[in-house]
Amino acid sequence: MPPVFAHGRLRLYLLGLLDEAPRHGYEVIRLLEERFQGLYAPSAGTVYPRLAKLEAEGLVTHATEGGRKVYSITEAGRAELADRRGELADLELEIRESVSELAAEIRADVKGAAGDLRREMRAAASATATPVEDASWAAAKEELRKAKHEWKEQARRAKDESRRAREEAQQARRQAKEAQERAREEVQRIAAQFQEQFAKSGGMLGSLAGAWLGGGSAGAGSGGGAGGAANATSAAASAAAGSDWAEDLAPTADPARDLDRLLDRFRDDVRDAARDHGVSPAQLAEARAHLAAAAARVTGTLKG
């Protein structure tokens with residue numbers, strides 16, 4: 001008999017069965033036998049230890065119902081199954097092919113037995129001048145007819161299962177490829193949109209930091225060429241626009257307390273902007289650079 005499950009594949013297939021619905025161990029054995037058209041049925045000594053190991057790994061759990069353990073897949077089990085969905089589709093195809101091979105073996109055995117039976121019948125017929133079709137003769141012919149019908153039916157079922165498995169595997173691969181293409185297009189769209197917005201605003205996050213801190217950081221606009229000129233222009237505009245920033249916070253006799261109030265206002269403004277407009281990975285990187293430069297400038301001022 002050809003191997004049904006390679007090393008570790010039965011474990012993956014058990015997760016797939018439990019992802020369909022909670023099941024007890026005997027039901028898992030029965031389902032495996034049905035999937036193999038009765039040509040293969042694992043023993044309890046094969047299934048139950050693997051279920052126990054999956055539970056020890058946190059991939060399945062069980063509840064006792066009517067004296068039986070009913071196993072269910074956990075979120076960790078679903079996560080592993082999602083990561084190996086393509087491998088599971090290939091396994092389904094391999095199972096159909098295994099069923100086809102098992103059916104082919106049965107077909108060959110039946111064909112050989114039928115040939116032996118025909119030879120024996122011819123020998124019996126030639127041993128007498130007038131062949132007599134008695135009860136044993138009729139029974140042998142009926143057994144031969146049933147055997148031929150059975151292997152033809154098994155071969156047909158195996159062929160249908162193999163065809164369905166190939167179609168399902170091809171569909172799963174197409175869906176995975178389409179999902180990758182959509183994700184790639186979305187990333188490219190977001191990158192292009194960010195570049196367009198950045199070009200129009202002259203550096204959106206740099207302008208905001210410049211407005212809040214009264215002119216931004218020297219490091220953010222130190223680049224040469226057109227990029228440095230654009231940042232310098234943005235910083236100058238931000239300095240003019242930020243001259244009235246937080247003017248509603250009247251100073252007190254305690255400068256340290258006034259500084260805390262300004263920092264609170266800065267943090268609130270940044271959080272409001274992030275909440276209202278969202279933050280992309282590229283914006284976060286740019287914001288980090290501006291904040292680092294601003295922190296260095298303010299701490300330098302305080303230390304000086």
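Computed from heavy atoms alone, side chains included, the values below leave out hydrogens, waters and symmetry copies.
- Looking only at side-chain heavy atoms (C-beta outward), Ile73 and Leu15 come within less than 4.5 Å of each other.
- Within the structure, the ring-ring contact (aromatic ring centres under 6.0 Å, His included) test picks out no pair touching residues 78-98 (sequence neighbours left out).
- Residue pairs meeting the salt bridge (charged side-chain N to carboxylate O under 4.0 Å, His left out) criterion with at least one member in residues 39-57, sequence neighbours excluded, are Arg11-Glu57.
- Using a cut-off of 4.0 Å between Lys/Arg side-chain N and Asp/Glu carboxylate O, Arg78 and Glu75 are scored as salt-bridged.
- Between Arg30 and Glu34 a salt bridge is recorded (basic side-chain N to carboxylate O distance below 4.0 Å).
- Comment: Asp160 engages Arg156 in a salt bridge, judged by a side-chain N to carboxylate O separation of less than 4.0 angstrom.
- Defined by atom type and a distance below 3.5 Å, a donor-acceptor pair is missing between the side-chain atoms of Tyr26 and Arg68.
- A side-chain donor-acceptor contact under 3.5 Å links Gln154 and Glu150.
- Looking at Leu32 and Leu10, their side chains come closer than 4.5 Å, going by heavy atoms from C-beta outward.
- Remark: the backbone N or O of Leu17 is paired with a side-chain donor or acceptor of Arg23 at under 3.5 angstrom.
- Salt-bridge check for Glu185 with Arg182: failed, with every basic side-chain N at 4.0 Å or more from each acidic carboxylate O.
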Candidate pair Asp268 and Arg271, rule salt bridge (Lys or Arg N to Asp or Glu O under 4.0 Å), full reasoning: CA-CA 5 Å; Asp268 292 343; Arg271 285 181 175 175; 5.1 Å; no
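- Inter-residue side-chain proximity for Tyr13 and Leu88 is flagged as met; some heavy-atom pair is nearer than 4.5 Å.
- Aromatic ring pairs are classed by plane angle as parallel below 30°, tilted from 30° to 60° and perpendicular above 60°; the pair Phe266 and Trp245 is perpendicular.
- Side-chain contact check for Leu291 versus Val270: every heavy-atom pair is 4.5 Å or farther apart.
- With respect to Arg265 and Asp248, a salt bridge is recorded, a charged nitrogen being found less than 4.0 Å from a carboxylate O.
- A salt bridge links Arg267 with Asp264: at least one charged nitrogen is closer than 4.0 Å to a carboxylate oxygen.
- Annotation for Arg163: atom CZ counts as buried by contact number, over 12 foreign heavy atoms lying within 6.0 Å.
- Comment: Arg157 engages Glu153 in a salt bridge, judged by a side-chain N to carboxylate O separation of less than 4.0 angstrom.
- Annotation: side chain of Val70 is not in contact with side chain of His62 (no heavy-atom distance under 4.5 Å).
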